[in-house]
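For reference, the structure is listed below as structure tokens.
All residue numbers in this chain count up from 1 along the given sequence. Remember, predicted model here, so these are calculated numbers, not experimental data.
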Amino acid sequence: MTLDLFGELPPQMTIEHLMDGALVLRQFALADSEALVAEIDQVAAVSPFRNMTTPGGHAMSAAMSCCGNLGWVTDASGYRYQSEDPESGRPWPAMPSIFQKLACRAAQTAGYQGFEPDACLINRYQPGARMGLHQDKNEQDVTQPIVSVSLGLPIVFQFGGLVRNERPMRVPLAHGDVVVWGGASRLRYHGVLTLKAGDHPVTGACRYNLTFRRAR
Ligand SMILES: O=C(O)CCC(=O)C(=O)O
């Protein structure tokens, strides 16, 4: 279903309802996309992308970096948020104000007022990378939504149920699309299918995903 609930949105932006509390804001980040990618490069110059290892010992196929007061990490001791980059022992780079403003605006447009993310996980997918179905549940307050921004090559997002074995819906995501989920959908399983090879004018041969969370 395609809705244009908010009359003030520019014509190329549309809002698609996925499930209760979950929306796709099509092309919401398009106008900012080049500036967002430039900021990703700045963050990665301080906290480089790395393939973290799951507690079970598997290297994640998406490379990750973080910015904000807290960053999400995984290693043999588990999944958690922490204020230092484990590779440098130093604080994560500050969250660029353009990130913060975009996340806030997207949440508000989706009906979540007052969202102030303290963590931004940056996923970089190269062809062959994917992210299996999982729940975002390391955050203290799950009344806060998740705001997830797609940049670069297209991918298929999977949005499932509150239990892993519910068949997920498949949602194609393109450059500039933003998915926001919260409320009754906050703990839904989600992930992305394998990235196919391609070349994007803004990101080249990869896709970035910015995932904004209120961790504490
Ligand atoms: O790359 C995406 O669109 C999804 C990322 C994701 O699910 C996550 O970081 O938890």
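Taken to the nearest 0.5 Å, the CG atom of Leu173 stands 12.5 Å off from the CG atom of Leu153. Going from atom NZ of Lys137 over to atom CG of Leu187 covers 8.5 Å, rounded to the nearest 0.5 Å. Atom CD of Glu116 and atom SG of Cys104 lie 6.5 Å apart (nearest 0.5 Å). Taken to the nearest 0.5 Å, the CD1 atom of Ile146 stands 12.0 Å off from the OG atom of Ser185. Rounding to the nearest 0.5 angstrom, the gap separating the SG atom in Cys120 from the CG atom in Asn69 is 12.0 Å. In this structure, CH2 on Trp92 lies 8.5 Å from CG on Leu121, to the nearest 0.5 angstrom.
Of all the heavy atoms in Phe115 and Pro145, the pair that sits closest is CE1-O, 3.4 Å. In plain terms, the two heavy atoms of Thr74 and Pro55 that are nearest each other are OG1-CD, 3.3 Å. Shortest non-hydrogen contact noted between Ala205 and Pro127 is O-CD, 3.4 Å. Heavy-atom minimum distance, Ser33 versus Val202: O-CG1, 4.3 Å. The shortest non-hydrogen separation linking Phe49 to Ala44 is CE1-CB, 3.6 Å. Of all the heavy atoms in Cys66 and Val43, the pair that sits closest is O-CG1, 3.6 Å.
Counting heavy atoms from C-beta outward, Met13 and Arg26 have side chains that stay 4.5 Å or more apart. Within the 4.5 Å cutoff, no side-chain heavy atoms of Ser47 are placed close to those of Glu87. Two residues are said to be in side-chain contact when any heavy atoms from C-beta on lie closer than 4.5 Å; Val192 and Arg207 meet this criterion. Using a 4.5 Å heavy-atom threshold, the side chains of Val171 and Val24 count as touching. A 4.5 Å side-chain heavy-atom check between Leu133 and Pro168 finds at least one atom pair inside the cut-off.
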Residues Leu36, Ile98; criterion side chain to side chain contact (heavy atoms under 4.5 Å, CB included); working and verdict
CA-CA 7 Å; Leu36 294 170; Ile98 189 171; 4.2 Å; yes
Kindly indicate, with the supporting measurements, whether the criterion side chain to side chain contact (heavy atoms under 4.5 Å, CB included) is fulfilled by Met19 and Met169.
CA-CA 10 Å; Met19 295 196 194; Met169 65 192 291; 3.4 Å; yes
Asp136/His134 under side chain to side chain donor-acceptor pair (under 3.5 Å): CA gap, chis, key distance, verdict
CA-CA 7 Å; Asp136 288 350; His134 64 280; 3.3 Å; yes
Please walk me through it: do Trp72 and Met64 pass side chain to side chain contact (heavy atoms under 4.5 Å, CB included)?
CA-CA 9 Å; Trp72 184 85; Met64 297 174 176; 3.8 Å; yes
Do Glu139 and Arg214 pass the side chain to side chain contact (heavy atoms under 4.5 Å, CB included) test, and can you show the C-alpha distance, the side-chain angles, and the key distance before you say yes or no?
CA-CA 7 Å; Glu139 300 74 33; Arg214 180 78 202 182; over 6 Å; no
Worked check of salt bridge (Lys or Arg N to Asp or Glu O under 4.0 Å) between Glu84 and Arg90:
CA-CA 5 Å; Glu84 297 88 27; Arg90 297 171 60 86; over 6 Å; no
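Looking at residues two or more places apart in sequence or on another chain, you find no side chain to side chain donor-acceptor pair (under 3.5 Å) involving Ser97. Under the side chain to side chain donor-acceptor pair (under 3.5 Å) criterion, Tyr189 pairs with Gln135, not counting sequence neighbours. Partners of Val156 under the side chain to side chain contact (heavy atoms under 4.5 Å, CB included) rule, at least two apart in sequence or in another chain, are Arg170, Leu193. Applying the salt bridge (charged side-chain N to carboxylate O under 4.0 Å, His left out) criterion to Glu39, with sequence neighbours excluded, gives no partner residue. Residues forming a side chain to side chain contact (heavy atoms under 4.5 Å, CB included) with Pro154 (at least two apart in sequence, or on another chain): none. By the side chain to side chain contact (heavy atoms under 4.5 Å, CB included) test, Ala119 is found to be paired with Leu70, Tyr81, Ala215, residues two or more places apart in sequence or in another chain being considered. Residues meeting the side chain to side chain contact (heavy atoms under 4.5 Å, CB included) test with Pro91, sequence neighbours left out: none. Residues forming a side chain to side chain donor-acceptor pair (under 3.5 Å) with Gln42 (at least two apart in sequence, or on another chain): none. By the side chain to side chain donor-acceptor pair (under 3.5 Å) test, Arg80 pairs with Asp75, Gln82, sequence neighbours left out. Partners of Trp181 according to the ring-ring contact (aromatic ring centres under 6.0 Å, His included) rule, which considers only residues two or more places apart in sequence or in another chain, are Phe157, Phe159, His190.
The cluster map of Ile, Leu, Val, Met, Phe, Trp and Tyr, joined by side-chain heavy atoms under 4.5 Å apart, puts Leu102 and Val37 in the same cluster. Cluster annotation: Tyr208 and Leu25 are assigned to the same hydrophobic cluster (Ile/Leu/Val/Met/Phe/Trp/Tyr, side-chain heavy-atom contacts under 4.5 Å, transitive). Residues Ile15 and Val149 share a hydrophobic cluster, clusters being chains of Ile/Leu/Val/Met/Phe/Trp/Tyr side chains in contact below 4.5 Å. Leu151 and Ile155 are not part of a single hydrophobic cluster, where members link through side-chain heavy atoms under 4.5 Å apart. Linking ILVMFWY residues whenever their side-chain heavy atoms come closer than 4.5 Å, directly or via other members, leaves Val147 and Met131 in distinct clusters.
Legend: side chain to side chain donor-acceptor pair (under 3.5 Å) pairs involving residues 118-132, not counting sequence neighbours, sorted by first then second residue: Asn123-Asn209. Residue pairs meeting the side chain to side chain donor-acceptor pair (under 3.5 Å) criterion with at least one member in residues 50-65, sequence neighbours excluded: Arg50-Asp85.
Ionic pairing of Arg188 and Asp20 is not present here: no N-O contact between side-chain nitrogen and carboxylate oxygen is shorter than 4.0 angstrom.
In this structure a side-chain-to-backbone donor-acceptor pair under 3.5 Å is present from Asp177 to Ala174.
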